[in-house]
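Taking it in order: structure first as structure tokens, then the write-up.
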2 protein chains.
Amino acid sequence: MTTNCKAREVVGRIGSKWAIYVISSLDEHTMRFGDLKKTIDGISQRMLTVTLRSLERDGLIRRTVYPVVPPRVEYALTPLGRTLLEVVSTMVHWTDEHMAEIGAAQSAYDSRPEPEPIEQ
Amino acid sequence: MTTNCKAREVVGRIGSKWAIYVISSLDEHTMRFGDLKKTIDGISQRMLTVTLRSLERDGLIRRTVYPVVPPRVEYALTPLGRTLLEVVSTMVHWTDEHMAEIGAAQSAYDSRPEPEPIEQ
DNA sequence: CGGAATCCGATCTGATACTG
DNA sequence: CAGTATCAGATCGGATTCCG
């Protein structure tokens, strides 16, 4: 594999379960922190913060702070993030389409007979 | 997000840095354990084993053991895995294409000035 | 509202040693 | 060759508390 280590790290970050859904959520419009938290079911405040920071650092989303009280922070896809969105959407879509098949495969795998213990 | 928790787990497994490259590696032909280890640079034996097991459980790859000495084990994509391959290739390709941009964004982020400490 | 900081158990991962 | 078993260090991730 010619791919170097840095590319792998990026793939890992992008492919992480939360990042994918953050990117997807920003498809149509910018969102505030609270909006994202409500939209992405089950994400903790901490993980949302961490995920947003890493996506911002990779140049995939832009964070805009409005100096008002109470604070207002909006997240939006950058042009780069928007090119990624297509890839990510495909992935989410593929998963939704094949969840049943995957679940069946898991059940089959889990109910497979144990290999016979070695006779002495 | 209407996506349930199980779908997120699947996305996370598929998107994990090693799984993506295992799937990609099986594009053209079946491969043996050692081949995969050599192809996927930097993967430890343990992580390759763990990754292969999880992909097998999800029905994405098929593991074939030939009862010979020394053992011969071949891994191949299932039809389901083959449909995923397209998605995964797109992702790897996107990352390769945009590594420079991402690196630049990271540098810019990391060299950003610290926010001024609060004056008392 | 949108975090940051801390604590801490759970999980991941690599290294190493061993095996059919 | 293709693993399994085990252990220790690293990282993840939730809960909680506090802040501008």
Side-chain angles (χ1 to χ4, degrees), chain A residues 5 8-22 25-26 30-57 61-76 112 114-120, chain B residues 5 8-9 11-22 25-26 30-57 61-76 109 112 114-120:
Chain A
C5 181
R8 265 207 319 263
E9 286 170 20
V10 171
V11 167
R13 277 202 301 277
I14 291 169
S16 79
K17 61 179 177 180
W18 296 126
I20 292 225
Y21 290 108
V22 168
S25 302
L26 292 173
T30 69
M31 292 186 85
R32 300 178 59 175
F33 187 90
D35 296 335
L36 285 166
K37 183 137 177 15
K38 266 172 287 186
T39 302
I40 304 171
D41 192 54
I43 195 171
S44 69
Q45 186 201 56
R46 177 190 163 78
M47 286 319 295
L48 182 53
T49 302
V50 171
T51 305
L52 287 169
R53 287 292 172 281
S54 94
L55 291 174
E56 187 191 2
R57 189 171 109 95
I61 63 176
R62 182 168 28 81
R63 178 171 181 267
T64 312
V65 182
Y66 297 92
V68 294
V69 179
R72 176 182 185 88
V73 180
E74 287 190 345
Y75 294 92
R112 262 173 12 182
E114 290 285 317
E116 291 295 318
I118 313 297
E119 294 287 329
Q120 297 296 351
Chain B
C5 180
R8 264 205 320 262
E9 285 170 20
V11 168
R13 278 202 301 277
I14 292 170
S16 80
K17 62 179 178 181
W18 297 124
I20 292 225
Y21 290 107
V22 168
S25 301
L26 292 173
T30 69
M31 292 186 86
R32 302 178 58 175
F33 188 90
D35 296 333
L36 285 166
K37 182 137 177 18
K38 265 172 286 185
T39 303
I40 304 172
D41 191 56
I43 195 170
S44 68
Q45 188 200 48
R46 177 187 163 78
M47 285 320 295
L48 182 53
T49 303
V50 170
T51 304
L52 287 169
R53 288 293 173 281
S54 93
L55 291 174
E56 187 192 2
R57 189 172 108 94
I61 63 176
R62 183 170 27 82
R63 178 170 181 266
T64 311
V65 183
Y66 298 91
V68 296
V69 179
R72 176 182 185 88
V73 181
E74 287 190 346
Y75 294 92
Y109 184 97
R112 262 175 10 184
E114 289 285 318
E116 291 296 318
I118 313 297
E119 292 288 328
Q120 297 295 354

Return the nearest nucleotide to the side chain of [X]; candidates are [options].
{"X": "T49(A)", "options": "dG3(D), dA4(C), dG14(D)", "result": "dA4(C)"}
{"X": "R53(B)", "options": "dC1(D), dA15(D), dT4(D)", "result": "dT4(D)"}
{"X": "F33(B)", "options": "dG14(C), dA2(D), dG3(C)", "result": "dA2(D)"}
{"X": "V73(B)", "options": "dG3(C), dA2(D), dG14(D)", "result": "dA2(D)"}

Next item on the list: Look up atom CG in D35(A) and atom OG1 in T30(A), then write down how far apart they are to the nearest 0.5 Å.
Entry: 8.5 Å
Checklist line | Spacing of NZ belonging to K37(B) relative to CD belonging to Q45(B), to within rounding of 0.5 Å | finding: 7.0 Å
Next item on the list: For R63(A), enumerate each residue passing the salt bridge (charged side-chain N to carboxylate O under 4.0 Å, His left out) test, keeping only those at least two apart in sequence or located in another chain.
Entry: none
Check whether any side-chain nitrogen or oxygen of [X] sits under 4.0 Å from OP1 or OP2 of [N], and answer yes or no.
{"X": "R63(B)", "N": "dG3(D)", "result": "yes"}
{"X": "Y75(B)", "N": "dG3(D)", "result": "yes"}
{"X": "R32(A)", "N": "dG2(C)", "result": "yes"}

Note to self: If I take atom CZ in residue R72(A) and atom P in nucleotide dG3(C), what distance separates them, rounded to the nearest angstrom?
What the structure shows: 13 Å
Next item on the list: Please state how far atom CG in L48(B) lies from atom C1' in dA15(C), giving the value in whole angstrom units.
Entry: 16 Å
Check: If you pin R46(A) and P71(A) to their nearest nucleotides in DNA chain D, which one's is more 5'?
Finding: R46(A)
Notebook entry, point to check: Does any donor-acceptor pair link the side chain of Q45(A) with the base of dA15(D) at a separation under 3.5 Å?
Noted result: no
Item checked: Check: L55(B) and Y75(B) side chains under 4.5 Å, non-hydrogen atoms -> no
